[in-house]
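Inspection log for the structure reproduced underneath, given as structure tokens.
The structure displayed is predicted, hence computed values, not measured ones.
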2 protein chains.
Amino acid sequence: MSSANPHAWSEHARAVLARAGRQRGGARERVIELLARQPCALSAVEIEDELRARGEATGRASIYRVLDLLVEHGLAERVTVGQGQARFETVDPTGEHHHHLICERCGRLVAFDDPGLERAIDRVGQRLGMRVERHDVLLRGACERCE
Amino acid sequence: MSSANPHAWSEHARAVLARAGRQRGGARERVIELLARQPCALSAVEIEDELRARGEATGRASIYRVLDLLVEHGLAERVTVGQGQARFETVDPTGEHHHHLICERCGRLVAFDDPGLERAIDRVGQRLGMRVERHDVLLRGACERCE
DNA sequence: ATAGGAACGAGAATCAGTCTCATATTGTGG
DNA sequence: CCACAATATGAGACTGATTCTCGTTCCTAT
Ligand SMILES: [Mn+2]
Ligand SMILES: [Mn+2]
Ligand SMILES: [Zn+2]
Ligand SMILES: [Zn+2]
């Protein structure tokens, strides 16, 4: 499905930010590198803890700033899977993305993508005459194993 | 759009909770009655304020307790619109429901429903061979006013 | 009416996320 | 290489929603 090459994404992210006139900085570099190699979404707190554990302690404010910046530039997105805290994951520059089905029995998170669903969402936007810039879809139910 | 008859929903909610062996109580009654007549999702804080304004001040803990109970029993659902607070709305026993588009400029929440989207979601479930019991869809963009 | 189990509510405690502001870095022009 | 102005960073205070605690009050089945 998605999740291309981590190196490609971090390069892309740096390029986009440079083009936007941002200077470089250590905190940003650390967050980008960490995010680039994640298979799944991380929360800001997890990022803070993981960086500290690696001896790369980074200020909380900087972490949130970097995350906001990435989201603003479409380089990452906020994934809200529960009620708790926001999680963040990289966005593939090709626009390719996926959605999730969460099994309410065992908690397993399954990713999927579906062109028919994407088309239906586009049509909703047109019908409502609103500019839909992004969309979140989360299906809840039972996975094959728990069925 | 949706939002059948408020009276029907509150009756249904009371019946479900009674059947589950719950005793009645004032806070619960107030939250149910308030929720029953809402056209769209309210946050716990809005519920607290609205009740206080009506001279029916209700403890915050009770409000959250009632809300959790309703969600547990499938009588209401949590709508996570942003990072801040969760919003809650009644779930129609007939399965009728709607989704939301949030304007990222002014914060306005717009409700909509769309059979094509529902069909697309059903197909995804079938294609994946999973039982999809509920689904969350949130479109983000700009509303007519802010376009 | 009464007892035991729910339900309530006031307020303290949590905790993710935000703000402030002093300091450290970075990139540019000279 | 140097000075400067424009960012970027981080410690820690602060916010605001949600959760916890625990003594009090309400329900309801005998
Ligand atoms: Mn999609
Ligand atoms: Mn739907
Ligand atoms: Zn499962
Ligand atoms: Zn708007």
message = How many whole angstroms separate atom CD of A:Glu48 from atom P of D:dT9?
response = 15 Å

query = Between D:dT28, D:dT18, D:dT9, which nucleotide has the shortest distance from any of its atoms to the side chain of B:Arg24?
reply = D:dT28

task = Measure from CD on B:Gln85 to P on D:dT15 and round the result to the nearest Å.
result = 18 Å

key: Under-4.0 Å salt bridge between B:Glu33 and B:Arg30   = no

Below 4.0 Å: OP1/OP2 of C:dT18 and any side-chain N or O of A:Tyr64 = no

ask   = Could you give the CZ-to-P distance, from A:Arg60 to D:dC14, as a whole number of Å?
value = 14 Å

ask   = Tell me, do B:Arg65 and B:Arg28 make a side-chain contact under 4.5 Å, heavy atoms counted?
value = no

ask   = Closest to the B:Arg65 side chain: D:dG10, C:dG9, D:dT18?
value = C:dG9

query = Just how far, in rounded Å, is P of D:dT18 from CD of B:Glu46?
reply = 10 Å

task = Between C:dA6, D:dA8, D:dG12, spot the one nearest the side chain of A:Gln23, thanks.
result = D:dA8

task = Run the salt-bridge test on B:Asp122 and B:Arg127 with the 4.0 Å N-O cut-off and return the result as yes or no.
result = no

request  = Examine D:dG10: is either OP1 or OP2 under 4.0 Å from a nitrogen or oxygen in the side chain of A:Arg30? Give yes or no.
outcome  = yes

query = Hey, is the side chain of B:Ser62 poking within less than 4.0 Å of OP1 or OP2 on C:dA7, counting only N and O atoms?
reply = no

task = Just call it for B:Ala27: base, sugar-phosphate, or nothing, with non-hydrogen atoms closer than 4.0 Å on any strand.
result = sugar-phosphate

Nearest-neighbour nucleotide for the A:Val45 side chain, C:dA16, C:dA10, D:dA17 considered = C:dA16

request  = Select base, sugar-phosphate, or nothing to describe what A:Ser43 touches, counting heavy atoms under 4.0 Å on all strands.
outcome  = nothing

key: Atom-to-atom span, CD1 of A:Ile63 to C1' of D:dA8 - whole angstrom   = 14 Å

remark   = From CZ of B:Arg28 across to P of C:dG9 the rounded distance in Å is 12 Å

ask   = Once you round it to whole Å, what is the distance between C1' of C:dT28 and CZ of A:Arg22?
value = 18 Å

ask   = CG of A:Asp68 versus P of C:dC19: gap in Å, rounded?
value = 10 Å

task = Answer yes or no: is there an ion pair linking A:Arg14 with A:Glu29, defined by an N-O contact shorter than 4.0 Å?
result = yes

query = With the threshold set at 4.0 Å, does a side-chain nitrogen-carboxylate oxygen contact exist between B:Glu48 and B:Arg60?
reply = yes

